[in-house]
Student: 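Got a structure for you, written out below as structure tokens; questions coming shortly.
Atom set for the values below is all heavy atoms of this structure, side chains included, hydrogens, waters and symmetry mates excluded.
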Amino acid sequence: MAERTVELAVDAEPELVPVVRNVAADLAIRMDLQLDTIADLRLAVDEACGLLLQRAATPTTLRVRFSFGDSSVTARAEIACRDGTSLPQDGFHWHVLTALVREVRSAHTTGAGGESLAVIELTVAD
């Protein structure tokens with residue numbers, strides 16, 4: 001199967017994170033991934049969104065792009081943030097992320113309007 005993508009943009013509010021989490025799980029279910037992989041993806045997306053929301057400029061939008069192929073899903077979440085400091089990679093959220101996924105990366109980039117963007121990209125696979 002060729003790689004496909006689904007993009008989602010929601011207001012950066014904790015109440016909308018379950019929408020993102022459920023889209024991730026739905027995609028994994030449609031790919032017929034193992035139940036453990038689906039659960040790991042749901043929780044990892046939840047943790048990534050939680051980390052990003054802590055840094056969010058308000059008001060802003062949480063954008064998530066899911067890319068999926070034969071047996072893996074990559075989620076790239078980004079949010080405009082208050083400052084250009086990097087995301088902490090030594091706390092509980094980061095520990096949970098690294099335990100759940102095959103690969104996780106974070107970065108700060110500059111958006112088209114010159115705003116600071118915090119990015120987390122994670123990949124799960126069967």
Student: Once salt bridge (charged side-chain N to carboxylate O under 4.0 Å, His left out) is applied, what residue pairs with a partner in residues 32-44 remain, sequence neighbours excluded?
Tutor: none

Student: Please report the shortest heavy-atom distance between Ala24 and Leu41, naming the atom on each side.
Tutor: O-CD2, 3.4 Å

Student: Is a side-chain N or O of Asp26 found less than 3.5 angstrom from the main chain of Asn22, in a donor-acceptor match?
Tutor: no

Student: List for me each residue that meets side-chain contact (heavy atoms from CB on, under 4.5 Å) alongside Ala39, sequence neighbours excluded, and say none if there are none.
Tutor: none

Student: Using 0.5 Å steps for rounding, measure from the CD atom of Glu7 to the OG atom of Ser67.
Tutor: 8.0 Å

Student: Say you draw a straight line from CG of Leu43 to CG of Leu100; how long is it, rounded to the nearest 0.5 Å?
Tutor: 5.0 Å

Student: Taking only residues two or more places apart in sequence, or in another chain, which ones meet Asp11 in a salt bridge (charged side-chain N to carboxylate O under 4.0 Å, His left out)?
Tutor: none

Student: So, using side-chain contact (heavy atoms from CB on, under 4.5 Å) as the criterion, who are the partners of Leu8 when residues are at least two apart?
Tutor: Val10, Val20, Val23

Student: Might you point out which heavy atoms bring Phe68 and Val6 nearest each other, and give the distance in Å?
Tutor: CE2-CG2, 3.8 Å

Student: What pair of heavy atoms forms the shortest contact from Ala44 to Val101, and how long is it?
Tutor: CB-CG1, 3.5 Å

Student: Please walk me through it: do Thr60 and Ile79 pass side chain to side chain contact (heavy atoms under 4.5 Å, CB included)?
Tutor: CA-CA 7 Å; Thr60 192; Ile79 198 164; 3.7 Å; yes

Student: Which residues satisfy the salt bridge (charged side-chain N to carboxylate O under 4.0 Å, His left out) test with Glu15, sequence neighbours excluded?
Tutor: none

Student: Quick check: do Leu62 and Leu16 have side-chain heavy atoms less than 4.5 Å from each other?
Tutor: no

Student: Got a sec, which residues hit salt bridge (charged side-chain N to carboxylate O under 4.0 Å, His left out) with Asp46, two or more places apart in sequence or on another chain?
Tutor: Arg21

Student: What donor-acceptor contacts under 3.5 angstrom involve side-chain atoms of residues 89-98, with partners at least two apart or in another chain?
Tutor:
{"unit_1": "Gln89", "atom_1": "NE2", "unit_2": "Ser106", "atom_2": "OG", "d": "2.7"}
{"unit_1": "His93", "atom_1": "ND1", "unit_2": "Glu47", "atom_2": "OE1", "d": "2.3"}
{"unit_1": "His93", "atom_1": "NE2", "unit_2": "Gln54", "atom_2": "NE2", "d": "3.4"}
{"unit_1": "Thr98", "atom_1": "OG1", "unit_2": "Trp94", "atom_2": "O", "d": "3.3"}
{"unit_1": "Thr98", "atom_1": "OG1", "unit_2": "His95", "atom_2": "O", "d": "3.0"}

Student: Measuring from atom OG of Ser116 to atom NE2 of His108, what distance do you get when rounded to the nearest 0.5 angstrom?
Tutor: 4.5 Å

Student: Would you tabulate the side-chain donor-acceptor contacts of residues 119-126 under 3.5 Å, counting partners in other chains and residues two or more places apart, or write 'none'?
Tutor:
{"unit_1": "Glu121", "atom_1": "OE2", "unit_2": "Arg105", "atom_2": "NH2", "d": "2.1"}
{"unit_1": "Thr123", "atom_1": "OG1", "unit_2": "Thr74", "atom_2": "OG1", "d": "3.0"}
{"unit_1": "Asp126", "atom_1": "OD1", "unit_2": "Gln34", "atom_2": "N", "d": "3.2"}
{"unit_1": "Asp126", "atom_1": "OD1", "unit_2": "Thr37", "atom_2": "OG1", "d": "2.7"}
{"unit_1": "Asp126", "atom_1": "OD2", "unit_2": "Gln34", "atom_2": "N", "d": "3.1"}

Student: Hey, could you give me the OG1/CG distance between Thr109 and Leu117, rounded to the nearest 0.5 Å?
Tutor: 4.0 Å

Student: Looking only at heavy atoms, what is the nearest atom pair of Leu33 and Ser71, with distance?
Tutor: CD2-O, 3.9 Å

Student: To the nearest 0.5 angstrom, please state how far the CZ atom of Arg63 sits from the CG atom of Leu52.
Tutor: 13.0 Å

Student: Got a sec, which residues hit side-chain contact (heavy atoms from CB on, under 4.5 Å) with Thr58, two or more places apart in sequence or on another chain?
Tutor: none

